[in-house]
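Whatever order the structure lists ligands and atoms in, that order sets their numbers, starting from 1.
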Amino acid sequence: MNLHVHDAVAADCGLAWNNTFSALSPAFFTRLAPTPLPAPHWVGRNDGLAQELGLDLDWFHSDAALQVFSGNQRLAGTDPLASVYSGHQFGVWAGQLGDGRAILLGETAAGTEVQLKGSGLTPYSRMGDGRAVLRSSIREFLCSEAMHALGIATTRALCVTGSPNPVRRETIETSAVVTRTAPSFIRFGHFEHFASRNQLLELRQLADYVIDRHYPACRKSSEFQGNAYATLLQAVSERTATLAAQWQAVGFCHGVLNTDNMSILGLTIDYGPFQFLDAFVPNHICNHSDTQGRYAFDRQPNVVYWNLLRLGQALQPLIGAPAVVMAALDSYRTRFPAEFMALMRAKLGLSSAQTGEADVMDNGLRLLVENGVDYTIFWRRLSHAVAQHNFEPVRDLFADRAALDVWLLSYQELLALTDKGLAADLMLKTNPRFILRNHLGEQAIRAAQQGDLSELQTLQTLLARPFDEHPGFEAYADFPPDWASTISISCSS
Ligand code: AMP
Ligand code: MG
């Protein structure tokens, strides 16, 4: 472990730094430098995000940047550290975890944290090697940006660098480092950590930090008799409800919803064995290691609430009465179904609530299950059908056409009061044509492992604009091939 900060400082990247997390007390982290990554090369870069951050693009494309984002050189002004957290994994208290392979480089003056993932051992690595493999790094890189383009809150991914450095998983693989960004990487588990140790001073310091930087309105609210911590819990519950509703509406299965993988900002974080549904199978389990199906697609909304309960428990010493904790959490239970319905309404092309909409939605989803229909292709074809007044391509997806025709009648009745042009516009902006299906990621990974980055770059381009048609790239919007169902994705990454 490299506990000393590198002396080598890379040339100026165009960013100013202002490290607020590292200004907290040492109870929250260990300062350390990334472990150098031998012979790094570029795997992927996200120029759009680089520009949003204010990075100098010439610098971003330079060898100095390659060295910085591989952990081989330090940027002046950064203050690298690994933070400590705890958490519940698969429903069981796991005790101390922490950034076992992530190192926060620092926070830009504009308030974006920049973190390396896979950058070597930290005091929190436990049995791990501190590294990440190329395969999972490419998945995180592509999916973060795909989610962002879908309008779903997420950590972002700036770049991936690879190295011949070998790491052992089920087989020997090569290492990679993902550079990711977020306004904060604080997790529910950070709060659980200090609460579990009865370190109430630190617990309060952390909550104050999060409120001041990310939820300032909590200080001014008169809700819960001005209890800012209860208001914080309510605000987190609401953001998390919106996030979970978006996952369910788009067909995203996270795969490892442990409390240490829950962002205090309601961001999608820690892309591991995630999967976008192909056929609509509500109880689909995407994580090969999840033998009980705790994190099955249709269990996500409940398991997210369970995680919020753990956050509520952790914040209770600051909030006070358990009844207030429960009242703050209650917003999840009202917000989630409302958000979900609003999203499904838009998928159906309805710009406002209609009587009978819930039945039409439920019946439609049931038909998808019964007929094994591809979720994304269904919604996209339905959008085009409304635009072109031709439902045949939708009918082609169903074995039970009679049942579908009954449903289509009820759907068209629902749409009767809506302008079809407006409905189609809304649907084509809501129902993506391109998602990061497992087999697409797998193809890009296999090519990248052979040194061919073109598939990865094609996916980057398509997923950055998932609602556009992208003529010539029909194959990327098509049904998954048969071999897609044989891809097995576990926690091993
Ligand atoms: P995850 O399931 O990827 O969210 O990781 C759970 C915990 O294990 C976190 O504390 C990670 O930092 C840690 N971890 C996962 N993989 C590794 C690794 N290869 N080396 C060190 N720590 C790891
Ligand atoms: Mg994690």
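- Residue contacts with ligand 1, taken as heavy atom pairs separated by less than 4.0 Å, do not involve Arg187 at all.
- Nearest protein heavy-atom neighbour of atom 10 (O) of ligand 1: Gly98 O, 2.7 Å.
- Among the atoms of Asp260, none of the N, O or S atoms falls under 2.8 Å from the Mg ion (ligand 2).
- If you check which protein heavy atom lies closest to atom 2 (O) of ligand 1, you get Asn261 ND2, 4.2 Å.
- For Asn261, the nearest N, O or S atom to the Mg ion (ligand 2) falls under 2.8 Å.
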CA sep, side-chain torsions, deciding dist, call: Arg437, Asp374, salt bridge (charged side-chain N to carboxylate O under 4.0 Å, His left out): CA-CA 11 Å; Arg437 294 179 189 269; Asp374 188 277; 2.8 Å; yes
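- The protein non-hydrogen atom at the shortest distance from atom 21 (C) of ligand 1 is Gly100 O, 3.1 Å.
- Looking at Ser493 and Tyr271, their side chains never bring a donor and an acceptor atom within 3.5 Å of each other.
- The backbone N or O of Gly128 lies less than 3.5 Å from no partner atom in the side chain of Ser125, so there is not a single donor-acceptor pair.
- Numbered from 1 in the order shown, with element, the atoms of ligand 1 that lie under 4.0 Å from a heavy atom of Gln89 read 6 (C).
- Residue-ligand proximity, Gly128 to ligand 1, at heavy-atom distances under 4.0 Å covers atoms 18 (C), 20 (N), 21 (C).
- With a 6.0 Å cutoff to the six-membered ring centre and a 45° limit on the axis angle, Arg446 counts as a cation-pi contact of Trp483.
- Numbered from 1 in the order shown, with element, the atoms of ligand 1 that lie under 4.0 Å from a heavy atom of Tyr85 read 9 (C), 10 (O).
- Checking side-chain atoms of Asp260 against main-chain N and O of Ser86 turns up no donor-acceptor pair under 3.5 Å.
- Nearest heavy atom pair, residue Ile489 against residue Pro273, reads CG2-CA, 3.3 Å.
- Nearest non-hydrogen protein atom to atom 20 (N) of ligand 1 is Gly130 N, 2.8 Å.
- Here is the list of ligand 1 atoms found below 4.0 Å of a heavy atom in Asp270: 4 (O).
- In terms of distance to the Mg ion (ligand 2), the nearest N, O or S atom of Asp270 is named OD2.
- Here the side chain of Gln460 pairs a donor or acceptor atom with the backbone of Arg45 at under 3.5 angstrom.
- The shortest N or O to N or O distance between Asp99 and ligand 1 is not under 3.5 Å.
- For ligand 1, the atoms lying closer than 4.0 Å to a non-hydrogen atom of Arg169 are 19 (N).
- Annotation: the span from Ile377 atom CD1 to Leu368 atom CG amounts to 12.0 Å, rounded to 0.5 Å.
- No side-chain heavy atom of Phe188 sits less than 4.5 Å from a side-chain heavy atom of Tyr85.
- Those atoms of ligand 1 with a heavy atom of Arg126 less than 4.0 angstrom away are 7 (C), 8 (O), 10 (O), 13 (C).
- In terms of protein heavy atoms, atom 16 (N) of ligand 1 is closest to Arg101 NE, 3.2 Å.
- The main-chain N or O of Gly118 is found under 3.5 Å from a side-chain atom of Arg131 such that the two form a donor-acceptor pair.
- Here the protein heavy atom with the shortest distance to atom 5 (O) of ligand 1 is Asp260 OD2, 4.6 Å.
- Within the listing of ligand 1, atoms 10 (O) sit less than 4.0 angstrom from a heavy atom of Leu97.
- The two residues Ala314 and Ala195 come nearest to each other via the heavy atoms O-CB, 3.5 Å.
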